[in-house]
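The structure appears right after this line, and notes come after that.
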Amino acid sequence: MFEFTDDCKIGISQIDDEHRYLFELLNRAYVLVTTDYHDDYHQRLKDIIAELDRYAEQHFTHEEAYMAKIRDPELILQRPQHAFFREKILEFDLANIDETAAQQRTLSDLVAFLAKWLYRHILSSDVMIGKLP
């Protein structure tokens, strides 16, 4: 399981709570990918991706609005990173996940992308929110 640890906190309650929920979504996918496949996860995978896209849009809107409000110079760097995340999530091929092997590949790819992106983005970009003059 992936943990939202203290070093992931940026000190802004709403943003920290939203990051924590993104980690929950990551862990939902992780549980599926690490569980023996006894069931068809087609719908659950589609639901996770849809929730990730919906929630990322909401979170990025909140985060960018906060950054605009405080005139954070990091905002100009964050917008393309956020856009990349949403584009990547929507690239996951849901048309060809009828077989459990394809579902497992897609879940593995999703977990790898999410873990890498979330940790890198939070620890290298989001921690700078409100820190620059």
Side-chain angles (χ1 to χ4, degrees):
M1 298 291 276
F2 297 92
E3 288 187 55
F4 181 80
T5 56
D6 285 345
D7 59 334
C8 293
K9 292 179 183 175
I10 65 169
I12 302 161
S13 299
Q14 179 181 10
I15 294 174
D16 285 339
D17 290 344
E18 291 175 359
H19 286 163
R20 193 174 284 108
Y21 185 71
L22 288 168
F23 271 79
E24 287 177 28
L25 292 174
L26 164 60
N27 282 321
R28 283 187 207 169
Y30 179 77
V31 165
L32 291 179
V33 82
T34 57
T35 302
D36 288 336
Y37 285 85
H38 301 293
D39 197 3
D40 183 358
Y41 291 151
H42 184 272
Q43 189 59 50
R44 289 170 77 182
L45 178 55
K46 286 176 63 174
D47 292 346
I48 288 171
I49 290 174
E51 176 67 4
L52 272 167
D53 182 51
R54 184 196 66 74
Y55 197 77
E57 179 182 16
Q58 176 183 324
H59 167 64
F60 295 153
T61 298
H62 293 158
E63 193 171 270
E64 290 175 13
Y66 176 81
M67 293 175 79
K69 179 181 170 185
I70 66 168
R71 299 173 193 238
D72 195 315
E74 181 78 9
L75 178 57
I76 198 165
L77 300 172
Q78 291 260 358
R79 282 187 175 137
Q81 292 174 16
H82 294 164
F84 171 78
F85 179 91
R86 294 205 55 226
E87 289 167 12
K88 184 68 174 175
I89 291 299
L90 295 176
E91 284 178 9
F92 282 94
D93 186 8
L94 299 179
N96 297 312
I97 59 168
D98 289 332
E99 298 176 6
T100 56
Q103 293 169 16
Q104 186 170 12
R105 275 192 307 279
T106 301
L107 279 164
S108 293
D109 292 347
L110 178 65
V111 167
F113 169 73
L114 286 174
K116 185 176 178 180
W117 194 91
L118 282 172
Y119 280 114
R120 181 184 304 150
H121 181 75
I122 292 169
L123 296 174
S124 68
S125 293
D126 285 350
V127 295
M128 297 303 296
I129 294 174
K131 305 291 190 292
L132 300 174

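Computed from a predicted model, the values in this text were never measured in an experiment. We count residues from 1, following the sequence as given. Below, all heavy atoms of this structure are taken into account, side chains as well, without hydrogens, waters or symmetry copies.
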With a 6.0 Å cut-off on ring centres, are Phe4 and Tyr119 close enough?
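Ring-ring flag for Phe4/Tyr119: false, centres at least 6.0 Å apart.
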
Side-chain contact test, heavy atoms from C-beta onward, threshold under 4.5 Å: evaluate it for [X] versus [Y] and give yes or no.
X	Y	answer
Glu18	Phe60	no
His62	Ile15	no
Leu110	Leu45	yes
Arg20	Lys9	yes
Ile48	Leu32	yes
Leu114	Phe2	no

Scan side-chain atoms only and decide if Asp126 and Gln78 contain a donor-acceptor pair under the 3.5 Å cut-off.
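Result is yes, a qualifying pair exists.
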
Classify the side-chain pair Tyr55/Glu24 by whether it contains a donor and acceptor separated by less than 3.5 Å.
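Side chains of Tyr55 and Glu24: no pair found under 3.5 Å.
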
side-chain hydrogen bond (donor to acceptor under 3.5 Å, both in side chains) for His82 and His59? Distances and angles first, verdict last.
CA-CA 10 Å; His82 294 164; His59 167 64; 5.6 Å; no

By the definition side chain to side chain contact (heavy atoms under 4.5 Å, CB included), identify the one residue from Met128, Glu63, Met67 that meets it with Asp72.
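That would be Met67.
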
Counterpart residues, side chain to side chain contact (heavy atoms under 4.5 Å, CB included), relative to Thr61 (two or more places apart):
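Partners of Thr61 by the side chain to side chain contact (heavy atoms under 4.5 Å, CB included) criterion, ordered by chain and then number, come out as Glu57.
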
Which distance, rounded to the nearest 0.5 Å, do you find between the CD1 of Ile70 and the OH of Tyr66?
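Going from CD1 on Ile70 over to OH on Tyr66, the span is 4.0 Å.
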
With rounding to the nearest 0.5 angstrom, report the CZ to CG distance, Arg44 to Asp47.
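Reported to 0.5 Å precision, the distance equals 9.5 Å.
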
Glu3 atom CD, neighbour heavy-atom count above 12 within 6.0 Å:
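For Glu3, atom CD is not crowded (no more than 12 foreign heavy atoms under 6.0 Å).
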
Just jot down the side chain to side chain donor-acceptor pair (under 3.5 Å) partners of Thr5, sequence neighbours excluded, or say none.
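Thr5 satisfies side chain to side chain donor-acceptor pair (under 3.5 Å) with Asp7 once adjacent residues are dropped.
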
Angle between ring planes, Phe85 versus Trp117, binned at 30° and 60°: parallel, tilted or perpendicular?
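It falls in the tilted class, 30° to 60°.
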
Common cluster, Leu25/Phe84, ILVMFWY with side-chain heavy-atom separation under 4.5 Å:
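Yes, Leu25 and Phe84 fall within the same hydrophobic cluster.
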
